[in-house]
Amino acid sequence: MKKIRKIMILAILLGAVLALKPPATAYAFNVTPIEVMELYSTSATPVYAAPDLFTPVVTYLDRFTNVRVNGITDNGFFQVDLNGAYYIPGPYLVTQIEPAKTEKQKALDNLQDFADAYRMQLEFMESYSEKFALIDVTGDGIPEIFDGAGREIYTYYDKRPVMLYYSDNPVTFYYSKKDNKLLGKYTWNKKEIWEVYNRDVSLLPWGQFKCISTVASPYTKNATAISREYTNNAETRADIYNILKKILSL
């Protein structure tokens, strides 16, 4: 019993000694100086006080922050000058700024998926829409589908067509390219009504066209009626890839 008690006491003392001993540093302080160069941070770039991922992060840099680099460690950290010597893991710094791709560029990158989605939607519309239009009225570079009667508008979202607008009554749509405004004209109670539409994304991630004003006169001068120049048949749908590629390449 006494022997076991002595072992327990020794174990406690040993633990206390180890707890007081400073932890071993895993990082390497071997820094190779290099000619000062300027790099750019990526999203949420971590900055460390020492070249070790297990040390606390001093701060995070916003995307595209200009950083002066003057050295590199033998474990792949850049030594940077941020009013003092700090360290950033190599993969977080890039040589040039690459802006985020636009919706138009994404559509071009996924053109086959884009074309397949629109082809599917046009097949659904064939029974009630002999004609359709393709025009970008949201300003993102992607053409929307307007049905033949002026009742429905679809856009490309997350590899599928989604509805941006629906009306029980046919509307003649006009588009002011100068003002990037979508206008609608229809007759109600024997009166000609003009409406101005904007895209509202407060409820739907892809947005929805909503009437924001009936004061359309400032835009009608530069607006032209949207022409439904495409015939919704098998031949056109088979060629939709080339049609969209041409529009997106403008």
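Values reported hereafter were calculated over all heavy atoms of this structure, with side chains retained and with hydrogens, waters and symmetry mates removed.
- Annotation for Y175 and K181: closest pair CD1-O, 3.2 Å, computed over non-hydrogen atoms.
- Remark: the E130 side chain and the N232 side chain contain no N/O donor-acceptor pair separated by less than 3.5 Å.
- Donor-acceptor pairing under 3.5 Å is lacking for the side chains of D62 and T65.
- When only modelled atom types and interatomic distance are considered, N30 and D74 share a side-chain donor-acceptor pair under 3.5 Å.
- Between V31 and F77, every side-chain heavy-atom pair lies at or beyond the 4.5 Å cut-off.
- In plain terms, the two heavy atoms of P89 and P46 that are nearest each other are CD-O, 3.9 Å.
- No continuous path of hydrophobic side-chain contacts links I142 to F209 [ILVMFWY only; heavy atoms under 4.5 Å].
- The environment of NZ in K104 is crowded: more than 12 heavy-atom neighbours from other residues, nucleotides or ligands sit within 6.0 Å.
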Applying side chain to side chain contact (heavy atoms under 4.5 Å, CB included) to Y48 and L53, what does each step give before you reach the verdict? CA-CA 8 Å; Y48 295 85; L53 293 176; 3.6 Å; yes
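- The local environment of CZ in F64 is crowded, with over 12 non-hydrogen atoms from other residues, nucleotides or ligands closer than 6.0 Å.
- Judged by distance alone, with hydrogens and angles left aside, the side-chain atoms of T187 form no donor-acceptor pair with the main-chain N or O of K190 at under 3.5 Å.
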If you apply the rule side chain to side chain donor-acceptor pair (under 3.5 Å), what do you find for T73 with N75, and how did you get there? CA-CA 5 Å; T73 68; N75 62 340; 2.4 Å; yes
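- Looking at L122 and M120, their side chains never come closer than 4.5 Å, going by heavy atoms from C-beta outward.
- Other residues, nucleotides and ligands contribute more than 12 heavy atoms inside 6.0 Å of the OH atom of Y128.
- Taking CD from Q121 and CG from D147, the interatomic distance works out to 9.5 Å, rounded to the nearest 0.5 Å.
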Trace of the ring-ring contact (aromatic ring centres under 6.0 Å, His included) decision for F132 with Y230: CA-CA 5 Å; F132 69 95; Y230 297 101; 5.3 Å; yes
Start with the C-alpha gap between L182 and I153, add the side-chain angles, then the distance that decides, and say whether side chain to side chain contact (heavy atoms under 4.5 Å, CB included) holds. CA-CA 12 Å; L182 180 66; I153 303 175; 4.1 Å; yes
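- Sequence neighbours left out, the pairs with a member in residues 94-121 that pass ring pair (Phe, Tyr, Trp, His ring centres under 6.0 Å) are F114-Y118, F114-Y156.
- A donor-acceptor pair under 3.5 Å is absent between the side-chain atoms of N189 and the main chain of K191, judged by distance alone.
- Between F124 and P161 there is no side-chain heavy-atom pair separated by less than 4.5 Å.
- Qualifying salt bridge (charged side-chain N to carboxylate O under 4.0 Å, His left out) partners for E126, counting only residues two or more places apart in sequence or in other chains: R237.
- Between the side chains of T138 and E144, at least one donor-acceptor pair of N or O atoms lies under 3.5 Å.
- At a threshold of 4.5 Å between non-hydrogen side-chain atoms, the residues F173 and L183 do not count as touching.
- Between S227 and A133, the shortest heavy-atom distance links the atoms O-CB, 3.3 Å.
- Across all their heavy atoms, S41 and T45 have their closest contact at CB-OG1, 3.3 Å.
- Minimum heavy-atom separation, S217 to T220: O-OG1, 3.1 Å.
- Taking D179 as the reference, S176 meet the side-chain hydrogen bond (donor to acceptor under 3.5 Å, both in side chains) condition, with sequence neighbours excluded.
- Enclosure of atom CZ in R63 by more than 12 non-hydrogen atoms of other residues, nucleotides or ligands within 6.0 angstrom is indicated.
- Residues M125 and L164 do not share a hydrophobic cluster, clusters being chains of Ile/Leu/Val/Met/Phe/Trp/Tyr side chains in contact below 4.5 Å.
- Between Y174 and K185, the closest side-chain pair of non-hydrogen atoms falls below 4.5 Å.
- Other members of the hydrophobic cluster containing V80, listed by chain and number, are I34, M37, L39, V47, V58, L61, V67, V69, I72, F78, L82, Y86, I88, Y92, L93; membership follows side-chain contacts under 4.5 Å among ILVMFWY residues, whether direct or relayed.
- Note: the hydrophobic cluster containing I135 also contains V171 (ILVMFWY, side chain heavy atoms under 4.5 Å, direct or indirect links).
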For residues 239-250, run the donor-acceptor check on the side chains, cut-off 3.5 Å, and write out each pair with its distance to 0.1 Å, sequence neighbours left out.
| unit_1 | atom_1 | unit_2 | atom_2 | d |
| --- | --- | --- | --- | --- |
| D239 | OD1 | N242 | ND2 | 2.9 |
| S249 | OG | K245 | O | 2.7 |

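- A 4.5 Å side-chain heavy-atom check between R228 and F146 finds at least one atom pair inside the cut-off.
- L134 and Y157 fall into different hydrophobic clusters, where Ile, Leu, Val, Met, Phe, Trp and Tyr residues are linked whenever their side-chain heavy atoms come under 4.5 Å apart, directly or through other members.
- The closest side-chain donor-acceptor pair between S167 and N169, if any, does not fall under 3.5 angstrom.
- Within a 6.0 Å radius of CD in Q112, other residues, nucleotides and ligands contribute more than 12 heavy atoms.
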Listed pairs under 3.5 Å, donor-acceptor, residues 194-206 side chains, sequence neighbours left out:
| unit_1 | atom_1 | unit_2 | atom_2 | d |
| --- | --- | --- | --- | --- |
| W194 | NE1 | E192 | OE1 | 3.3 |
| E195 | OE1 | Y197 | OH | 2.8 |
| E195 | OE2 | Y186 | OH | 3.0 |
| R199 | NE | W206 | O | 3.0 |
| R199 | NH2 | W206 | O | 2.5 |
| D200 | OD1 | S202 | N | 3.0 |
| D200 | OD1 | S202 | OG | 2.8 |
| D200 | OD2 | S202 | OG | 3.1 |
| W206 | NE1 | M163 | O | 3.2 |

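- Between the side chains of Y87 and Q79, at least one donor-acceptor pair of N or O atoms lies under 3.5 Å.
- Of all heavy-atom pairs spanning D168 and R151, the tightest one is O-NE, 3.4 Å.
- To the nearest 0.5 Å, atom CG of residue D140 and atom CD of residue E103 are 6.0 Å apart.
- Checking side-chain atoms of D136 against main-chain N and O of G141 turns up a donor-acceptor pair under 3.5 Å.
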Stepwise, does the salt bridge (charged side-chain N to carboxylate O under 4.0 Å, His left out) test hold for K106 with D109? CA-CA 5 Å; K106 292 177 186 177; D109 289 344; over 6 Å; no
